[in-house]
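The figures here come from the full heavy-atom set of this structure, side chains too, leaving out hydrogens, waters and symmetry mates. For clarity, every value in this text was computed on a predicted model and none was experimentally measured.
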Amino acid sequence: MRKSQVTFLFGFLALVAASLMPLKAQEFQSSHDLLDPNAFLVKSELFLWNRVSDLLDTVRCGIALGPGLGAEVAVTDYAQLSLYANAETGVSFPHFLPPLWLVDKYENNTKTFQYHSGKYATAAFGPWRAESATSDLEGERLHFERGKWDLRLQLDLLLVHFYVAVRTEEILDFFTGFAGYDYKLDDMQLTPSVERRPADQFGRGLCNIVFGVVEVPSNIFRITRTEGDLAGCSKGVGLGLWRFLVRECVGVVELVTFPFGWEPIVEPAYVINSTDQSTTWKVYKPAFHKRY
């Protein structure tokens, strides 16, 4: 092997090793970011997270129950056509993909569902709008949320009412995000106070994926030893399968996002350990529910 090839190989290995060492977020602000593969990966994954989050923010839906009849179509508050009356209790939620509602929750750290209850009647044409509304509770939301620039559709079908809104400002935020401009100021950002241990997270993620199945026999034996054979073959199996599934999902998340170097999501961090899992097995919120 040529001397230049050897030098390149050792230089590459040193670069990888350096990228897996504990890092402080303020290091990402230095002029050496392009030479730090871990910093590059963190920023790249955070960029992708923000764009996916922005895209999911573009649609909001809802359903309500109660007597009512009518419909509304609105292309912003300046082009509306509506006539309906309701006495309803309902809820609105992000988009049509329930498993991805967690993205909205972790990004905004707010409640996923927004409830409302009230009686109201509405008539609108173009920019003109008239509405009467009453509620038993002062300050309570009376109806589905309405943004000034939203594209809205609401159908009130006697006892069940449906709502969907396409939020144009969020669409603008999604596209401007690719140019590096956060129009809605809702992107996750790095802070200088987070310590990152990517090597630890990489190891945990890989071990949870490969050895997570050990949770099944481990819990069967543990429950059998403490509660008997019948509990072992029922409770032990169920608990083991659940913890196995959790470890597999957590393992995938930790492996994909290992450059962030988070604290463990599952305690104990490794399935094979000397800790009594009957009292210490816990699942924590992933660190991405914080603003970086």
Charged N to carboxylate O under 4.0 angstrom, [X] versus [Y]?
| X | Y | answer |
| --- | --- | --- |
| E254 | R204 | yes |
| R222 | E215 | no |
| D77 | R152 | yes |

Just by distance, do the side chain of [X] and the backbone of [Y] share a donor-acceptor pair under 3.5 Å?
| X | Y | answer |
| --- | --- | --- |
| Q80 | G126 | yes |
| H95 | T58 | no |
| D150 | G147 | yes |

Nearest-0.5 Å distance, [atom1] of residue [X] to [atom2] of residue [Y]:
| X | Y | atom1 | atom2 | value |
| --- | --- | --- | --- | --- |
| E45 | L48 | CD | CG | 7.5 Å |
| R243 | W281 | CZ | CH2 | 5.5 Å |
| W101 | T112 | CH2 | OG1 | 8.0 Å |
| Y181 | D173 | OH | CG | 9.0 Å |
| S53 | W49 | OG | CH2 | 6.5 Å |
| E169 | T76 | CD | OG1 | 11.0 Å |

Is the closest side-chain heavy-atom distance between [X] and [Y] below 4.5 Å?
| X | Y | answer |
| --- | --- | --- |
| N219 | F244 | no |
| P198 | F202 | no |
| L157 | F162 | yes |
| K184 | L172 | no |
| F258 | L206 | no |
| Q114 | R60 | yes |
| C61 | F96 | yes |

Test of understanding: clusters of I, L, V, M, F, W, Y form through side-chain heavy atoms closer than 4.5 Å, transitively. Do [X] and [Y] belong to the same one?
| X | Y | value |
| --- | --- | --- |
| V237 | I223 | no |
| L100 | L46 | yes |
| L239 | V216 | no |
| V210 | V214 | yes |
| L153 | V59 | yes |

Shortest non-hydrogen separation from [X] to [Y] and the atoms involved:
| X | Y | answer |
| --- | --- | --- |
| A133 | L142 | CB-CD1, 3.2 Å |
| I209 | E248 | O-OE2, 2.9 Å |
| T224 | G232 | OG1-CA, 3.2 Å |
| L69 | N86 | N-OD1, 3.8 Å |
| P268 | R247 | O-NH2, 2.8 Å |
| R129 | T122 | NH2-CG2, 3.3 Å |

Evaluate the ring planes of [X] and [Y], with Trp represented by its six-membered ring, and classify them as parallel (under 30°), tilted (30 to 60°) or perpendicular (over 60°).
| X | Y | result |
| --- | --- | --- |
| F178 | F175 | tilted |
| Y163 | F144 | parallel |
| F93 | F113 | perpendicular |

Among D156, L65, L159, V160, exactly one meets side chain to side chain contact (heavy atoms under 4.5 Å, CB included) together with E88. Which residue is that? D156
Under the side chain to side chain contact (heavy atoms under 4.5 Å, CB included) test against V52, which residue among N50, L56, L55 passes? L56
Is it the case that [X] and [Y] place a side-chain donor and acceptor less than 3.5 Å from each other?
| X | Y | answer |
| --- | --- | --- |
| Q154 | H143 | no |
| E131 | Y120 | no |
| Q201 | T257 | yes |

Begin from the C-alpha positions of H161 and I63 and carry the test side-chain contact (heavy atoms from CB on, under 4.5 Å) through to its verdict. CA-CA 6 Å; H161 320 298; I63 187 169; over 6 Å; no
Taking the six-membered ring where the residue is Trp, are the ring centres of Y78 and W128 under 6.0 Å apart? no
Could you walk me through whether W149 and R167 satisfy the side-chain contact (heavy atoms from CB on, under 4.5 Å) test, starting with their C-alpha distance in whole Å, then the side-chain angles of each, then the deciding distance to 0.1 Å, before giving a yes or no? CA-CA 7 Å; W149 302 104; R167 302 192 282 186; over 6 Å; no
